[in-house]
Number of protein chains: 2
Amino acid sequence: MLQAAEKAERSRLSAADWEAGALDLIAEQGVPALAVEPLARRLRVTKGSFYWHFATREALLKAALQNWETHAEEAMDQIAAIDDPRERLSELFRRTGREARTHSIYSALLRALDHPIVQPVMERVSQRRLDFLKQAYRQVGMSGIDALHRAQLTYAAYVGFLQLVLQLGVKHIDPTELEEYVEHVMSTLIPQ
Amino acid sequence: MLQAAEKAERSRLSAADWEAGALDLIAEQGVPALAVEPLARRLRVTKGSFYWHFATREALLKAALQNWETHAEEAMDQIAAIDDPRERLSELFRRTGREARTHSIYSALLRALDHPIVQPVMERVSQRRLDFLKQAYRQVGMSGIDALHRAQLTYAAYVGFLQLVLQLGVKHIDPTELEEYVEHVMSTLIPQ
DNA sequence: GGTTGTCAATACGCATGCGTATTGTGCGAA
DNA sequence: TTCGCACAATACGCATGCGTATTGACAACC
C-alpha cells in the first residue's frame, strides 16, 4: 500500500499513479470517496492536471477497476493451480484472513454494487469465483446441484464475513481466533 | 411500502411521514441517497418545511433508523417465541427469502456500515442476531465455541446472501430455486 | 372573525464536486 | 540554446446539497 504516496515524491505523475491513488482511496473510504479534487490534494497536485490524464472521473474509476480485476484474476489463478481440491479450498479460505488490501477493495466494491461501472466488474469476478468453488466441490464428490448450492453458500459466507469484519469489526481480527473460525468454516463446508 | 406516497395525498405532513419516506428512499437507493431536497420533492413539498420537523438531515436519519430497529426487533421476537430450536432456525432461514422491504433496508444499511449513525444501530442488531443464533445452536447440542462460530458463519452467509441477491442479482430469485438453496443451507448448517 | 399554532414556499449564503479554458513551467530532443 | 511536449496551476461556470431566515397560508380555537 501507499503506492500513491511513494510516487507522490516524484515531481510528475502518470495515469498509473492516479489509478493507484484511486484504489488507495477506494480501499480506505469506499467508491463514493473517489473524487477528483480530494485525490488531487492527496497527490499534492491540483485537479487541473487530472484532466490531462483522464476525460472524466468515471474513466479513472474504470481504469482503476480494470487494474484491480486483473490483479484479482492472477491471485485466483495461483490458487487454481493447486491440484488437490480439498487443499485448494483450504488455501482459499486461509488466504481470506490475510491480504488486507485486496479484500478491503473487494469489500468497498461490494458496498458499491449498485454503481453501473462497478457492477459488471463484480459480476465477472463473482461468477469466476463461484465457478471456481463449484468445480472444487464437484471434485470432492458433490452432485452438480449440491456443488452449486455449496459454492453459493461458501461465497455468501465469504462476502458476509468481509462485510462484518472489515466494516463492523464484530470481532477484532484476533489472529488465533480468526484461525479457529476458519477451521470451523472449513470443517463445516468442506465435506470429508 | 409506498407508505410515503399514500401520505403524500394528504395536504400536510408529520415527522412520521418524513421518516417513512426516508426509509423508502434508503430501501430503494441506499443511505447516501437520503437527502433533504430529493425527499422533499418526493413528498411534493419543498425543503423549507423539512426543517420545521427536523433540525438536520442526520436527525431524520437517526429517527428513521430508530423506527427500523424497533421493527426489526419485533420481527426477531416473533421467531424467538418458537420453542423447538431446529424449527426456530428453519423459520429464520425461510423468512430470509421473503420480506423484501425489511431486507432491502438491511442490505442498504450494510452498505453504509461506515456511517457513524448507521454503525451503532447495526452493531446492536447484529449482536442480537448473533446471540440469537448462538443460543439456538447451543440448544441443538453444539459446544459454546462451536455454537459461536456456527452462528458467525450463519450470519455471514445471511449477510452475503443479501448482498449478492439483492444487489448483484446472481440468481434471479426464482422461488423454487431459492427454496432449494435454503434447504441446502439448512441441511449444511443445522446439525442433525 | 380575529388570533395563534403548524406546516409550507421562497430566497438566501455557503460548501463541494464536476468539467472546461487558459496559461504556466521544466525537461529532453533537436 | 531553444523549442515543444508533458504535465501542472489558476480561474471559471454549473449543479447539487445543507442549513437559515423570512414570509405566507390554513385550520382550530377562543
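If you're wondering where the values come from, they're calculated on a predicted model, not measured in any experiment. Lettering follows sequence order; numbering is per chain, from 1.
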When rounded to whole Å, the CG to P distance for the pair A:Leu43 and D:dA9 reads 11 Å
Rounded to whole Å, the OH-C1' distance (B:Tyr51 to C:dA11) equals 15 Å
(message) Do B:Arg111 and B:Gln163 pair up side chain to side chain, a donor and an acceptor below 3.5 Å, judged on atom types alone?
(response) no
Rounded to whole Å, CG of B:Leu61 lies from P of D:dG19 at a distance of 12 Å
Worksheet entry | Axial cation check for B:Tyr158 ring with B:Arg95, 6.0 Å and 45° limits | no
Between NE2 of B:His53 and C1' of D:dC18 the distance, given in whole Å, is 18 Å
Of C:dA8, D:dT10, D:dC18, the nucleotide closest to the side chain of B:Val36 is D:dC18
Of B:Glu37 and A:Arg57, the one whose nearest nucleotide on DNA chain C sits closer to the 5' end is B:Glu37
Of B:Lys47 and B:Trp18, the one whose closest nucleotide on DNA chain C sits nearer the 5' end is B:Trp18
Would you mind checking if B:Arg42 and B:Glu28 are paired as a salt bridge, meaning a charged N to carboxylate O distance below 4.0 Å? yes
Exercise. Scan side-chain atoms only and decide if B:Tyr137 and B:Thr154 contain a donor-acceptor pair under the 3.5 Å cut-off.
Key: yes
note: A:Arg41, atom CZ; C:dA15, atom C1'; distance rounded to Å ~ 11 Å
note: A:Trp52, atom CH2; D:dC7, atom P; distance rounded to Å ~ 4 Å
Protein-nucleotides 24-30 of chain C N/O pairs under 3.5 Å:
none

A:Asp24 and A:Arg101 ion-paired at < 4.0 Å = yes
Legend entry - Phosphate OP1/OP2 of C:dC7 contacted by B:Ser49 side-chain N/O (<4.0 Å): no
Whole-Å distance, B:Phe50 CZ to D:dC18 P, equals 8 Å
Quiz prompt | Presence of salt bridge, A:Asp17 and A:Arg12, under 4.0 angstrom | solution = no
A:Arg42 CZ to C:dG17 P, in whole Å, measures 14 Å
| request: Flag the pair B:Trp18 / B:Phe54 as yes when their ring centroid distance falls below 6.0 Å, and as no otherwise. | output: no
